[in-house]
Amino acid sequence: MAFESLTEKLQNVFKNLRGKGRLTEADVKTALREVKLALLEADVSYKVVRQFTKSVQEKAVGADVMNGLNPGQMVIKIVNDELVTLMGGETAELELKSTSQLTVIMMMGLQGAGKTTTCAKLAARLRSKGRTVLLAACDVYRPAAIRQLEINGEKAGVEVFTLGDKADPVDIASQAADYCKKNGFNVLILDTAGRLQIDENMMEELVRIKDSTPVDISLLVADAMTGQDAVNVSESFNEKVGIDGVILTKLDGDTRGGAALSIRAACGRPIYYAGMGEKFTDLEQFHPDRMASRILGMGDVMSLIEKAQESIDEEQARKMEQKLKKASFGFDDYLDSLNQMRKMGGMQKVLSMMPNVSPAQMQQLEGSVDEKQMNRTEAIILSMTAQERANPDILNVSRKQRIARGAGVDIREVNQLVKQFMEARKFMKQYGGMMKGKGKRGGFGGKFRLPF
């Protein structure tokens, strides 16, 4: 995940601060020197780092901090506040016109940043909010770019407008806008061409599109994994074409995070969204305060709650709660819980949002939760009959052998899953009793492991 190295380094710095009863100016300078190195190693712009540490130092050596009851925590708060300011302060929202008017969004960026996929993700997001969206294929140069957009548009449930790869992108954009007005679309997203590097032809084409089509919002799609290069790209696009905001992609990858921390300061434009995965639902609103919390290892509980609310059906959750209390749940219910976990982005995504989980602990927890094993577990459950899934007690040796053959696994894996399931159900039966006031004090005793 993004920021792992930076988070670990900052946590070590703050751990040393917490151990001091009172901070001297020398303590603050030493800590900020380590913070500065951590930010530079995360590929944050040197100019941004210098201004950031200067601002933190000016506030951290004030009397309120030096005489505070817990000066270490005060310094952490100041660093957190400065990180939030660095990334824009407030959460930025796309300002779309009313649904009776057409909003034209032009997407631009270099090849490889994930622009075409991001166009479809944004279209899916806006569609889920009640907008009627049209995607326009204006990249006529990259092989299969049009086909890629058509496939992504179909998956996102959004229509794609194309005139083929022989037409002028300026004409495509203009005719797509006319098509929207005639057919009742209120959002048009232009997927423009990128290059391997910035060149005059690309910039000139983008300017021509803006001159011929009433573009309302120009968004730069920047690859978070390119570090300071993303900053240089944003400055160039802003200077030559003009950008209104940024969408960072691949923020879930093995990136040091420098782009997220530098790009706002470099171009003065907000980061609207962050790409956090391959699914069309993995385009998340960029919240500077929540991102700062993640960087400092304090988790992102609000985003976790929102993702759970989006992914979990309340009625289904209530039914599951009743089944857990009565210990009457079966393998079908377990399968539902696996699918809900996937909708939330998988165990890794959930763990990344949990507070007080260090990068080292993340790796350890991820190692204990094997996503591939979850797929094998699903195959085992799907190899059961409806009766077996509803009533696991009937699973004898012959049934288990048949299930193992159907799932393509060894019977030992079937036995292990059934054993874990029975232990979990036994625990839930005890837990349900305690919830009714019938349980014994002092806990349950013994050890068990949930099958997930």
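Along the sequence shown, residues carry numbers from 1.
The neighbour count for Lys97 NZ, taken as heavy atoms of other residues, nucleotides or ligands under 6.0 Å away, is above 12. Counting heavy atoms of neighbouring residues, nucleotides and ligands inside a 6.0 Å radius, atom CZ of Arg142 exceeds 12 of them.
Across all their heavy atoms, Leu188 and Ala173 have their closest contact at CD2-O, 4.2 Å. The nearest pair of heavy atoms linking Val246 to Ala222 is CG1-CB, 4.3 Å. Considering all non-hydrogen atoms of both residues, Ile172 and Cys138 come closest at CG2-SG, 3.9 Å. The two residues Ala156 and Ala120 come nearest to each other via the heavy atoms CB-O, 3.9 Å. Among all heavy-atom pairs drawn from Ala123 and Val158, the shortest one is CB-CG2, 3.9 Å. For Ser234 against Cys267, the heavy-atom pair with the smallest separation is OG-CB, 4.0 Å.
Thr103 and Arg131 share no side-chain donor-acceptor pair at under 3.5 Å. For the 3.5 Å distance criterion, the side chains of Gln285 and Arg290 fail to qualify, holding no donor opposite an acceptor.
Separating the CG atom in Leu102 from the SG atom in Cys180 is a distance of 5.0 Å, to the nearest 0.5 Å. Atoms CG and CE, from Leu417 and Met384 in turn, are 5.5 Å apart once rounded to the nearest 0.5 Å. With rounding to the nearest 0.5 Å, the separation of CG in Leu126 from OG1 in Thr132 is 10.5 Å. Taking CD1 of Ile380 as the start and CG of Asn375 as the end, the distance is 11.5 Å to the nearest 0.5 Å. Once rounded to the nearest 0.5 Å, the distance linking CG of Leu86 with CG of Asp81 reads 12.5 Å.
Judged by distance alone, with hydrogens and angles left aside, the side-chain atoms of Ser55 form no donor-acceptor pair with the main-chain N or O of Phe52 at under 3.5 Å. Here the side chain of Asn186 pairs no donor or acceptor atom with the backbone of Ser100 at under 3.5 angstrom. Using modelled atom types, one side-chain atom of Arg125 and one backbone atom of Leu283 make a donor-acceptor pair closer than 3.5 Å. Counting only distance, with no hydrogens or angles, the side chain of Asn238 and the backbone of Ile243 share a donor-acceptor pair below 3.5 Å. Using modelled atom types, one side-chain atom of Asp244 and one backbone atom of Ser218 make a donor-acceptor pair closer than 3.5 Å. Panel note: side chain Arg208, backbone Val170; no donor-acceptor pair is recorded below 3.5 Å. Side-chain N or O atoms of Ser383 include one that pairs as donor or acceptor with a backbone N or O of Ala407 at under 3.5 Å.
With contacts defined as side-chain heavy-atom distances shorter than 4.5 Å, the pair Lys121/Tyr273 does not qualify. Two residues are said to be in side-chain contact when any heavy atoms from C-beta on lie closer than 4.5 Å; Val48 and Leu39 fail this criterion. With contacts defined as side-chain heavy-atom distances shorter than 4.5 Å, the pair Leu40/Lys36 qualifies. Between Val221 and Leu219 there is no side-chain heavy-atom pair separated by less than 4.5 Å. Side-chain contact between Tyr141 and Glu205 is present, with at least one heavy-atom pair separated by less than 4.5 Å. The closest side-chain heavy-atom distance from Leu110 to Met202 is below 4.5 Å. Between Asn152 and Phe280, some side-chain heavy-atom pair lies under the 4.5 Å cut-off. Residues Met107 and Leu122 have side chains in contact (heavy-atom distance under 4.5 Å, counting atoms from C-beta outward).
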Task: CA sep, side-chain torsions, deciding dist, call: Lys115, Asp191, salt bridge (Lys or Arg N to Asp or Glu O under 4.0 Å) - done: CA-CA 7 Å; Lys115 177 167 48 59; Asp191 179 24; 3.2 Å; yes
Task: Test log, rule side chain to side chain contact (heavy atoms under 4.5 Å, CB included), inputs Thr249 and Thr117 - done: CA-CA 10 Å; Thr249 60; Thr117 301; over 6 Å; no
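Residue pairs meeting the ring-ring contact (aromatic ring centres under 6.0 Å, His included) criterion with at least one member in residues 148-171, sequence neighbours excluded: Phe161-Tyr179. Sorted by first then second residue, the side-chain hydrogen bond (donor to acceptor under 3.5 Å, both in side chains) pairs that include residues 85-95, not counting sequence neighbours, are Thr91-His287.
In summary, of the residues considered (Val133, Val104, Thr118), a side-chain contact (heavy atoms from CB on, under 4.5 Å) with Ile189 occurs for Val133 alone. Checking each of Ile209, Val207, Thr213 against Asp211 for a side-chain contact (heavy atoms from CB on, under 4.5 Å) leaves exactly one that passes, namely Val207.
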